[in-house]
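Keep in mind the model is a prediction, meaning the values are calculated, not measured. Note: hydrogens, waters and symmetry copies are ignored here, and every other heavy atom, side chains too, is used.
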Amino acid sequence: EFPFVVGNRENRSNPVFFVSGFAYFLSFKPKITMKKILSYCLLYLGLGATVFAQTISSPGNNPVPGISKDRITKIDAMLEEAIKAEEVPGLVAMVVKDGKIVYHSAKGFADVGEGKKMEKNSIFRIASQTKAITSTAILMLYEEGKIQLDDPISKYIPEFANPQVLASFRYADSSYTSKPSSKVITIRHLLTHTSGLGYGVIDGDERMKMIYHKAGVMDLFTTEKITIGESVKRLAKLPLHHEPGAKFTYSEGLDVLGYLVEIISGKPFDVFLKERIFDPIGMNDTRFYLNDAQGDRLVDVHTYQGGKWKAYPVTFYDPAYPKTGAKTFFSGGAGLSSTVEDYAKFLQMYLNGGTYNGQRLLSPLTIQMAMQNQVGDLWNTDHHHGLAFGVVTAKGVAFGGQGSAGTFDWGGYFNTQYFADPNHKVIGLLFKQTSGAGNGDQTAWKFRQMLFSAIE
């Protein structure tokens with residue numbers, strides 16, 4: 001009904017612009033009701049509020065309201081004690097409140113054998129924390145109308161047509177029989193681990209471990225020369241644990257979706273993530289493979305043996321990943337490495353309703369959808385599973401120590417964890433790098449429980 005200028009991104013964060021703009025707004029005298037004036041003002045201020053909260057920064061010497069500085073100090077003491085007791089060889093922790101970094105500390109060693117100290121910008125293999133980033137890429141394509149969530153994956157990857165379910169298995173030679181599935185695998189099934197696919201070497205079913213190994217399916221990550229497309233096509237020919245949608249089975253579904261991003265976008269998966277997510281929000285140390293300078297900051301994987309922490313040996317994966325090897329396998333389920341600050345930016349983008357640093361990656365409505373229960377009662381009761389994260393339920397709140405309802409979280413194979421509470425605008429990240437034998441590490445639950453006890 002009248003000109004209404006919201007300005008560019010730079011101007012919208014300027015309070016002077018708001019005052020002058022509001023005056024400009026009031027200078028018009030058409031037939032505008034008070035209800036309309038208030039609604040436009042709320043929209044106007046809402047756009048500005050998004051900008052004000054967009055980026056993570058240090059509060060300097062100013063206290064951050066809503067969180068106890070004394071209790072953050074107690075968290076630091078707890079982590080310090082865990083290092084002294086050798087529960088973990090080293091760690092980096094971060095707490096963000098309302099976009100302000102209220103705690104960021106590096107403790108212990110990045111390489112015990114060489115006595116290399118942990119640094120705040122140390123790089124960690126984040127393994128399954130890759131999944132939320134891959135899910136975000138899928139949601140971006142969804143918003144562009146490139147896919148629907150209930151599309152059969154065979155529409156894009158024909159090898160998945162006519163899925164089969166495991167019927168019988170012979171341990172002597174790992175041969176098997178299968179029966180046709182009455183349902184097809186959809187993109188939503190892959191996002192929510194309800195597709196019936198398995199996870200090879202870390203699968204809970206020994207039969208699937210043997211089947212995947214024999215077929216040459218690549219699990220997690222590798223230094224070998226193979227592409228995600230090659231591995232996914234091998235996977236597509238194998239039997240499922242169960243019919244799609246029948247159960248929750250942790251799987252390589254996000255690896256399949258990484259390949260789907262390549263098909264839809266026409267770009268290698270690593271390039272898509274860099275151009276569409278990492279560069280826009282400044283995740284400059286989040287990559288599938290590291291350059292030499294980044295490689296120097298990569299934390300060693302450790303295991304506790306003989307009363308001390310040692311470098312983890314080569315097993316079904318090579319700890320040298322992601323510094324060496326062919327560097328051709330972009331695992332959408334477990335392949336990325338990152339820093340706590342980079343991953344905090346990613347989580348802050350979600351808390352901001354899909355924007356960060358003036359860049360919109362997702363719509364608030366898409367995020368709202370993604371946080372809803374997508375698997376019914378197929379998963380545990382203190383969390384439900386959305387399209388990118390586990391989400392704390394009312395039962396989780398009653399259990400205690402996990403944050404308010406709606407807090408979303410996940411972790412990684414090498415002992416990295418994160419959580420973000422959209423109600424209190426709090427992010428917690430605790431990155432370690434261990435596998436195999438441990439030494440009584442209890443920092444994960446203590447960090448989370450003590451952090452939510454610090455909310456005022």
Taking atom types as modelled and ignoring hydrogens, do the side chains of [X] and [Y] form a donor-acceptor contact shorter than 3.5 angstrom?
| X | Y | answer |
| --- | --- | --- |
| Gln433 | Asp300 | no |
| Lys100 | Ser57 | yes |
| Ser338 | Gln129 | no |

With rounding to the nearest 0.5 Å, note down the distance linking [atom1] in [X] to [atom2] in [Y].
| X | Y | atom1 | atom2 | result |
| --- | --- | --- | --- | --- |
| Asn352 | Ile281 | CG | CD1 | 10.0 Å |
| Asp342 | Asn121 | CG | CG | 10.0 Å |
| Leu240 | Thr249 | CG | OG1 | 9.5 Å |
| Ile147 | Thr186 | CD1 | OG1 | 10.5 Å |
| Leu273 | Ser265 | CG | OG | 9.0 Å |
| Thr407 | His383 | OG1 | NE2 | 8.0 Å |

Between Phe288 and Phe329, is a ring-ring contact (aromatic ring centres under 6.0 Å, His included) present by the stated rule, with each step listed? CA-CA 8 Å; Phe288 285 108; Phe329 190 71; 8.9 Å; no
Of all residues at least two apart in sequence or in a different chain, which pass the side chain to side chain contact (heavy atoms under 4.5 Å, CB included) check with Asn439? Glu86, Tyr304, Trp309
Using the side chain to side chain contact (heavy atoms under 4.5 Å, CB included) criterion, which residues pair with Phe316? Sequence neighbours excluded. Val201, Ile202, Leu220, Tyr413
Between [X] and [Y], is the ring centre distance below 6.0 Å?
| X | Y | answer |
| --- | --- | --- |
| Phe269 | Tyr259 | no |
| Tyr103 | Phe447 | no |
| Tyr199 | Tyr212 | no |

Would you please name every residue forming a side-chain hydrogen bond (donor to acceptor under 3.5 Å, both in side chains) with [X], sequence neighbours left out?
| X | answer |
| --- | --- |
| Tyr343 | none |
| Asp318 | none |
| Gln305 | none |
| His104 | none |

Between the main-chain N or O of [Y] and the side-chain N or O of [X], is there a donor-acceptor pair closer than 3.5 Å?
| X | Y | answer |
| --- | --- | --- |
| Gln372 | Gln368 | yes |
| Thr339 | Phe124 | no |
| Arg125 | Gly412 | no |
| Ser195 | His189 | no |
| Gln294 | Asn284 | yes |

Is it true that [X] and [Y] have a side-chain N and a carboxylate O under 4.0 angstrom from each other?
| X | Y | answer |
| --- | --- | --- |
| Asp279 | Lys274 | yes |
| Lys84 | Glu81 | no |
| Asp285 | Arg297 | yes |

For Gln148, I'd like to know if atom CD has over 12 heavy atoms of other residues, nucleotides or ligands within 6.0 Å. no
Is there a side-chain contact between Leu254 and Leu190 in this structure, where contact means two heavy atoms from C-beta onward sitting under 4.5 Å apart? no
Evaluate the side-chain proximity of Ser231 to Val217: yes if any heavy-atom separation is below 4.5 Å, no if none is. yes
Side chain to side chain donor-acceptor pair (under 3.5 Å) contacts in which one or both residues fall within residues 132-143, not counting sequence neighbours: Thr136-Tyr350, Glu143-Thr366
If you look only at pairs with a residue in residues 446-456, which of them pass as a side chain to side chain donor-acceptor pair (under 3.5 Å), with sequence neighbours excluded? Asp409-Arg448
What's the shortest heavy-atom distance between [X] and [Y], and which atoms?
| X | Y | value |
| --- | --- | --- |
| Pro163 | Lys183 | CG-O, 3.5 Å |
| Ile228 | Glu262 | CG2-OE1, 3.8 Å |
| Phe160 | Val232 | CE1-CG1, 3.8 Å |
| Gly200 | Asp219 | CA-OD1, 3.4 Å |
| Ser404 | Asn423 | OG-ND2, 2.8 Å |
| Ile187 | Ile138 | CG2-CG2, 4.1 Å |

Show your reasoning for whether side chain to side chain contact (heavy atoms under 4.5 Å, CB included) applies to Ile83 and Leu91. CA-CA 8 Å; Ile83 294 293; Leu91 58 85; 4.0 Å; yes
Start with the C-alpha gap between Glu275 and Lys267, add the side-chain angles, then the distance that decides, and say whether salt bridge (Lys or Arg N to Asp or Glu O under 4.0 Å) holds. CA-CA 10 Å; Glu275 292 179 352; Lys267 297 181 178 181; 2.4 Å; yes
Give the C-alpha distance, both sets of side-chain angles, the deciding distance and a yes or no for salt bridge (Lys or Arg N to Asp or Glu O under 4.0 Å) between Arg188 and Asp150. CA-CA 6 Å; Arg188 193 186 303 269; Asp150 294 309; 2.8 Å; yes
Before you tell me yes or no, could you show the steps for Ser128 and Tyr250 under side-chain hydrogen bond (donor to acceptor under 3.5 Å, both in side chains), namely the whole-Å CA-CA distance, both residues' side-chain angles and the distance that decides it to 0.1 Å? CA-CA 11 Å; Ser128 286; Tyr250 204 51; 2.9 Å; yes
Under 30°, 30 to 60°, or over 60°: which ring-plane class applies to Phe389 and Phe346, parallel, tilted or perpendicular? tilted
Under the ring pair (Phe, Tyr, Trp, His ring centres under 6.0 Å) test, which residues partner His385, sequence neighbours left out? His193, Phe248, Trp379, Trp410
Worked verdict on Lys107 versus Glu119 for salt bridge (Lys or Arg N to Asp or Glu O under 4.0 Å): CA-CA 8 Å; Lys107 300 181 184 297; Glu119 303 291 343; over 6 Å; no
Show every salt bridge (Lys or Arg N to Asp or Glu O under 4.0 Å) that has at least one partner inside residues 433-443, sequence neighbours left out. Lys432-Asp441
Pairs touching residues 189-205 that satisfy salt bridge (Lys or Arg N to Asp or Glu O under 4.0 Å), sequence neighbours left out: Asp205-Arg207
List the steps, then state whether ring-ring contact (aromatic ring centres under 6.0 Å, His included) holds for Tyr317 with Phe414. CA-CA 12 Å; Tyr317 64 87; Phe414 296 108; 5.2 Å; yes
Set of salt bridge (charged side-chain N to carboxylate O under 4.0 Å, His left out) partners for Asp377, sequence neighbours left out: none
